[in-house]
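Worksheet for the structure shown next.
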Amino acid sequence: MVALVDVNNFYVSCERVFCPALHGQPVIVLSNNDGCVVSRSDEAKALQIGMGQPVFEIRELIRKNRVHVFSSNYALYGDMSARVMNTLRQFAPSLEVYSVDESFLDFSGMQRFDLAAHALNIRKTVWRWVGVPVCVGVGPTKVLAKVANHLAKKDKAGNGICLLENNWENALKTLDVSDVWGIGRQYTRLLHQYGIRTAYDLTQANDAWVRKHLSVVGLRIKKELEGEACIHLETDVPNKKNVGTTRTFRQPLSTQNELGEALADFAARCGEKLRKQQSSATMFTAYIQTNHLAAGEQQYSRSFTLTFHTPTNSTLQLVNAAKFALQKIFRSGYRYKRAGVLLGELVHPCAGGQMSLFDNLDHAKHTRLMAALDSVNARFGRNTVRTAAQSLGGSARLTQQNRLSPGYTTKWKEALRVGGSA
DNA sequence: TCTGGGGTCCTAGGACCC
DNA sequence: TCTGGGGTCCTAGGACCC
C-alpha cells in the first residue's frame, strides 16, 4: 500500500505556525510581485477567493472581511517542507518527495500493522512536531492514494485520513474525472465529450481508446485506478534536466541596461542552481517580453538561444551569454514586463561531458572560483559576491513583496521571540 | 493601474541514414 | 491502378503537475 501525505493549504499553514492567532481567520498568500493568490485558508476559500485570482480583483473583499494577506516567503516554506519530510521518513521504509508539500510513502515490506492507526499517527505526529495539518490518503497505487487524499480533504467532518483498500468502485463513482491526478482541463473536456464524467467511467473505457486519445500516460492512470501499479516510487531525487529563472517585473523595464542587469542576475541564479546539483548546461536561452495582458500596448517578445562549446556552470560564462543574447534581441521603445534565462541539455560529471577542441577556458580555475563564490554567498547571503554586470540590489528589488513575513526559521535576527526582550 | 514560477513527459512529423 | 523496408534523431507543440 502507498500513502500520499500532503499539507493542507501549505503556504498559509506555514504562516499560521508562527502566528497562531490566524487559525480560524481568512488568510491568503500571494505569488511573486504580490500579484495572484496562490494559497488560501479554508475561510478564504469560503469567501470565494479563487486559486490564481489576481489580487486587484478582490481588494474590496479583502478589506471587508479582514483577510490576512502575505507575500510568499519561500525561505520559510522550504525549511518547513524539509521538517515535514524528515518527520515522515520514519513512517515508511521508502519515501518519495513529490513536491514541496507532498510525499508518497511506500509501506511495502512492513510487518502487519493497522493502516488506519498508522495514518492517524502520521497526521498527529506532523501536527505536534511541525505544527502544520496534513491529510493522509492510502491506496494500492499512487493514483488511488491521490484519490484517497482528495476524499480525505473533501470530508471536512472526517479525521483527515482515507483508506481505499478494496471495493473502491463506489468511491470512484463519486469522483469527477477532472479530480483524477493527471487529468487536466483539456483531457476533461475531451472525456466529457465522450460521456466520461467520473473516475469510474474512465475505468470502464476501452484500453485502446484511452491509449489513442490520452496516450500511454492516460492508460497508466486508468490501470492505476483499477488497482494495477504502473507508476513507481522515485525515492532518489533525479537531477533536473532543465533549470531556469524568470520573473515578471513590478514596473516594466525599458532600457538595455536595466534588462541587462536583470538577465545577469537570472543567469547567476541559474549558475547556483546548476552547481547545486553538480551539472553543467549546454544550451542557453534568454528571453524578454512586453506585457501580453496590456491590450493597448505595443507587443514584442523574442528569445535567443546559444550553445556552449563545452558545457558550463560558471556564472562568469552564463552572465556573458546573457549579455550577448540581450544584444541580439533588445529593441528600444518597448515596456518589458517579463524576462528569463533558461538552461537546457544539462550534463552531469559522472556521465562524462564531451570536451571541445576549441575551448580555451581554464575550467579548473572557474570551478575553484565558483566554489569560493558559493561558500562566501552561503555564509553571508546571496549576492554578497557577484559579477559587475549584476544589479546592486539583486533582482528582488524589481519585484514587489510588501507583506513578507520574517525568516523565522532561517535567519537568527528574525527568529521569533517569546516573552520579554532579549 | 494591477495578472507566478518552475518543472516533466509524450507524440507526430520531417530530415536523414543504409 | 500497382512506388521497399527499417531505422534514428530532432523539434515543435501539447498535455500535465505543484
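Here is how names work: the chains are called A, B, and so on, in the same order as the sequence lines, proteins then strands, and each is numbered from 1.
Protein atom CG of L214(A) is 11 Å distant from nucleotide atom P of dA15(C), rounded to whole Å. The interatomic distance linking E234(A) (CD) with dC9(B) (P) rounds to 8 Å, in whole Å. Following rounding to the nearest Å, K241(A) (NZ) and dG7(B) (P) show an atom-to-atom distance of 13 Å. Between I231(A) atom CD1 and dC17(C) atom P the separation is 11 Å, expressed in whole Å. One atom, CD1 of I221(A), and another, P of dC16(C), lie 9 Å apart when rounded to the nearest Å.
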| query | Dot-bracket for DNA chain C, 5' to 3', with Watson-Crick and G-U pairs under 3.5 Å, [ ] for crossing pairs and | for other-strand pairs: what is it? | reply | ....||||||||||||||
Give every pair of a protein N or O atom and an N or O atom of nucleotides 10-14 of chain B that lie under 3.5 Å apart, one pair per line with the distance.
residue: dC10(B); atom: OP1; partner: R220(A); partner atom: NH2; Å: 3.2
residue: dT11(B); atom: OP1; partner: R211(A); partner atom: NH1; Å: 3.1
residue: dT11(B); atom: OP1; partner: R211(A); partner atom: NH2; Å: 3.4

Please write out each protein N/O paired with an N/O of nucleotides 2-5 of chain B under 3.5 Å, distance rounded to 0.1 Å.
residue: dT3(B); atom: OP1; partner: K337(A); partner atom: NZ; Å: 3.0
residue: dG4(B); atom: O4'; partner: S31(A); partner atom: OG; Å: 3.1
residue: dG5(B); atom: OP1; partner: T248(A); partner atom: N; Å: 2.8
residue: dG5(B); atom: OP2; partner: T248(A); partner atom: N; Å: 3.2
residue: dG5(B); atom: OP2; partner: T248(A); partner atom: OG1; Å: 2.6
residue: dG5(B); atom: OP2; partner: R338(A); partner atom: NH1; Å: 2.9
residue: dG5(B); atom: O3'; partner: R247(A); partner atom: NH1; Å: 3.3

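You'll find the side chain of T245(A) reaches within 4.5 Å of the side chain of K273(A), heavy atoms only.
DNA chain B is contacted by no residue of residues 171-187 of chain A, taking any non-hydrogen atom closer than 4.0 Å. Scanning residues 136-153 of chain A for heavy-atom distances under 4.0 Å to DNA chain B yields an empty list.
For dC18(C) and dT3(B), the P atoms lie 25 Å apart once the distance is rounded to whole Å.
For the ring-ring contact (aromatic ring centres under 6.0 Å, His included) condition, no pair includes a residue of residues 125-165 of chain A, sequence neighbours left out. Sorted by first and then second residue, the side-chain hydrogen bond (donor to acceptor under 3.5 Å, both in side chains) pairs involving residues 206-217 of chain A (not counting sequence neighbours) are D207(A)-K222(A), D207(A)-K223(A), W209(A)-H213(A).
Annotation: ring pair (Phe, Tyr, Trp, His ring centres under 6.0 Å) contacts of Y408(A) (sequence neighbours excluded): F18(A). Judged as a ring pair (Phe, Tyr, Trp, His ring centres under 6.0 Å), and not counting sequence neighbours, Y287(A) has no contacts. Taking Y300(A) as the reference, Y334(A) meet the ring pair (Phe, Tyr, Trp, His ring centres under 6.0 Å) condition, with sequence neighbours excluded. Under the ring pair (Phe, Tyr, Trp, His ring centres under 6.0 Å) criterion, H118(A) pairs with F91(A), F107(A), F113(A), not counting sequence neighbours.
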Throw together a table of side-chain donor-acceptor distances under 3.5 angstrom for residues 168-175 of chain A, partners on residues two or more places apart or in other chains.
residue: W168(A); atom: NE1; partner: L225(A); partner atom: O; Å: 2.9
residue: T174(A); atom: OG1; partner: A171(A); partner atom: O; Å: 2.7

